[in-house]
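Following: one structure in C-alpha cells, then a few remarks.
These numbers were taken from a predicted model, which means no experiment stands behind them. Residue numbering restarts at 1 for every chain, and letters A, B, ... go by the order of the sequence lines.
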There are 2 protein chains.
Amino acid sequence: MEKYQKIYSDLLKALRDNVYQPGDYLPSDGQLVIRYQVSRETVRKAVKTLANDGYVQRLPGRGSVVLDRKHFVFPVSTLESYREMVAQANLDASNDVIVIKQNVPVPENLTGGDSPVLSTLVVRRRWVDGEEMVIDYDYVNQAVIDHVPHTAAKNSLFDYFENQLGLQIDYAVKRMTVEKGNIEDRQLLHIDEGMSMVVIRSETRLSDNRILSYTESRHRADRFTSVEFARRHK
Amino acid sequence: MEKYQKIYSDLLKALRDNVYQPGDYLPSDGQLVIRYQVSRETVRKAVKTLANDGYVQRLPGRGSVVLDRKHFVFPVSTLESYREMVAQANLDASNDVIVIKQNVPVPENLTGGDSPVLSTLVVRRRWVDGEEMVIDYDYVNQAVIDHVPHTAAKNSLFDYFENQLGLQIDYAVKRMTVEKGNIEDRQLLHIDEGMSMVVIRSETRLSDNRILSYTESRHRADRFTSVEFARRHK
DNA sequence: ATTCATAACCTGACTAGTCTAGTCGTGAAA
DNA sequence: TTTCACGACTAGACTAGTCAGGTTATGAAT
C-alpha cells in the first residue's frame, strides 16, 4: 500500500473510532512526518484527502480540525459500496436477487445514446430495516466481465469487482430524477399507485476508462435521503 | 493568483471553448512544465484537480484524456453559483426576490439541532426557461454579514459574498429529500396540490469554518434533475 | 509477416528542502 | 493592567529532483 494511503486509512480509522472527536485537532503535519518517517508532501496528501472527503478542515496557522459529521451519513456522491454505506449508518440491510440474465442490451436512456453495449442484467431488491426500499438494475458490461456469480450479486457487486476480480473502479456519473412509480416498482416494493420514485441512473468506469456497468436505482421517494459534501476547491 | 490555479483555469477555459474535445489528450505534464515554467508537482496539482472535477482522466503511460461531459451539466454537488450553473447549461434564468427580513432565527430542521443562529432571511423564486421552478430560503448568518442588499439577492448571493465581500466559501453539506408541496409552494410556483417537491437543505461554511448560511431550496420534483460526478479516490 | 527488445514517452509516488503567511502564547515594555 | 513584539508552530505553495511502472512506436531479428 502507498504511504499516503496508509496514513489516510490510519487517520480515518482513528476518526471512526472517535480517537479524534469533532473540534479536536489531528496531529500536525510535522508530527505526522515524524511519526510515519515520510516527507511532508506525503502527509499533506493524506490529510488533504481527508479534508476533501469532509472529515477535517485544514486551518492555516492552526491545524486540521475534525468536522462534525453527525448529519451526513448516506451519501449518493461517494463511490462506496452499498454495504459500506449501510454499515456506517448502522442500518440493517439485505438483498433479494430477482434475476440474473445474460446478453441484455443496455437501454438507451442509460447509455445516453452511446454505442450499444451487451450486458449481464442483475435485478435486485434492497431491504433496509425490514422495509423494501430500492430496486437496482445493474447492467454489467460483458466485454469486461463475462459472468456474474449469484453469490456476488447476493453480497455486493462492487466488492466482487474490486476485491475478487481486482478491477480498479475510478468514477461514476449519476443522474437523479423523480418519477412516478411503474408496475414493477409497485409489485416489488408493495407501494401504492401514485407513489413517486427517486431514480438514479449511473455509469461506472474503470481507471482505464472502460465502462464497467450502467445502473438504474429506483428508491421509494418517501424514504429517500441523500447527503452531499461539496468542497469549493480541491 | 497561484500558479496551479492559473494553469487550472487556463485549461478549464480551453476545455469549455472546445480547444480540447472529448477523447483528445491534454498537453502532457512535461509539456505544461515547459509552457508554464513551473515544477511538475505544480502541473500535476492543476491537472489532478481537473480530473477530480470530472473534466479529464489521467491514464498512466498515456496522458490526460478529455472526458465526455455532454450528459452532466447541472450538478447539485459542485459549489458553483446558480448563475454559473445555468449559464453553462445554456438556460434562461431569473430571480424574484420575495422578501428580505432581518433577525430571523434559523429553523431547527436546517441547523440540525446546533446552537440557534440569527439570520437575514432571503426568500427568492427562480425561473428557468419561463417556468417558476424553485423557491429558495436563504438564512444568512448575521454574525458574518450584517446586511444583505436587494441587488445582491436579485443577482447572486454567492457572487456577492465572494467577489464583493471577499469571503472565502469553503464547503457545503446538502441533504436532499422528496416531500409533498406545501401551501407556499403551491402559491409561489402555481402547482397542483399533491405535487412533490425535491427539498435540498444545506449549510455553507467559510474557510475559517464559520457558518455563512443555511439554505432550503424547494424544487418542482417533476422538473428536477441533478448530476453527480464521483471519483473513487482523490 | 511476425515477434520482440528497446527507447521515448507518460503518470504516480515520494523526497527534502525553501519561502510565505497565519495563529498563538509568552514575556517585556508602557 | 494593557499592549505589543517576538518566537514557535501551523498550513499553503512551490521546486527540482528520483524511482517505479505502464504505453507506444520503432526497428532489428526471426
Rounded to whole Å, the CD-P distance (B/Glu2 to C/dC19) equals 19 Å
For B/Val47, which contact category applies under a 4.0 Å heavy-atom criterion: base, sugar-phosphate, or nothing? nothing
From the candidates D/dT10, D/dT15, C/dT11, the one with an atom nearest any side-chain atom of B/Glu41 is D/dT15
Taken to the nearest whole Å, OH/A/Tyr36 to P/C/dC14 is 13 Å
Here the distance between atom P of D/dT23 and atom OH of B/Tyr25, to the nearest Å, is 11 Å
Separation of C/dT11 atom C1' from A/Asp170 atom CG, nearest Å, is 13 Å
Sorted by position of nearest nucleotide on DNA chain C, 5' first, the leading residue of A/Gly61 and A/Gln37 is A/Gln37
Closest of D/dT23, D/dT10, D/dT15 to the A/Gln31 side chain is D/dT10
Testing D/dT23, D/dG12, D/dC14 for proximity to the side chain of A/Pro60, the answer is D/dG12
### Query
OP1 or OP2 of C/dT11 less than 4.0 angstrom from a side-chain nitrogen or oxygen of B/Ser64, does that happen here?
yes
- Task: Determine, stepwise, if the pair A/Asn109 / A/Glu216 fulfils side-chain contact (heavy atoms from CB on, under 4.5 Å).
- Result: CA-CA 10 Å; A/Asn109 63 344; A/Glu216 179 166 325; 4.2 Å; yes
Of B/Asp138, B/Thr111, B/Val140, B/Leu121, the one forming a side-chain contact (heavy atoms from CB on, under 4.5 Å) with B/Tyr214 is B/Thr111
A/Lys6 atom NZ is separated from C/dC14 atom P, nearest whole Å, by 13 Å
Please determine whether the number of non-hydrogen atoms from other residues, nucleotides or ligands lying under 6.0 Å from atom CD of B/Gln102 exceeds 12. yes
With the side chain defined as heavy atoms from C-beta on, B/Thr42 is closest, among C/dT11, D/dC14, C/dC14, to D/dC14
- State whether A/Arg62 and B/Asp208 are salt-bridged, where the test is any N-O pair (Lys NZ or Arg NE/NH1/NH2 against Asp/Glu carboxylate O) under 4.0 Å. no
*Quick one: is A/Arg40 getting a side-chain N or O under 4.0 Å of the C/dG17 phosphate, OP1 or OP2?*
no
*Without hydrogens or angle criteria, can the side chains of A/Arg201 and A/Tyr137 be said to hold a donor-acceptor pair below 3.5 Å?*
no
From NZ of B/Lys3 across to C1' of D/dA16 the rounded distance in Å is 12 Å
Whole-Å distance, B/Arg44 CZ to D/dA16 C1', equals 14 Å
Closest of C/dG12, D/dT10, D/dT24 to the A/Ser28 side chain is D/dT10
5'-most contact on DNA chain D (nearest-nucleotide basis), B/Ser39 vs A/Arg58, goes to A/Arg58
> Are any of A/Tyr4's side-chain N or O atoms less than 4.0 Å away from OP1 or OP2 of C/dA13?
Replying inline: yes
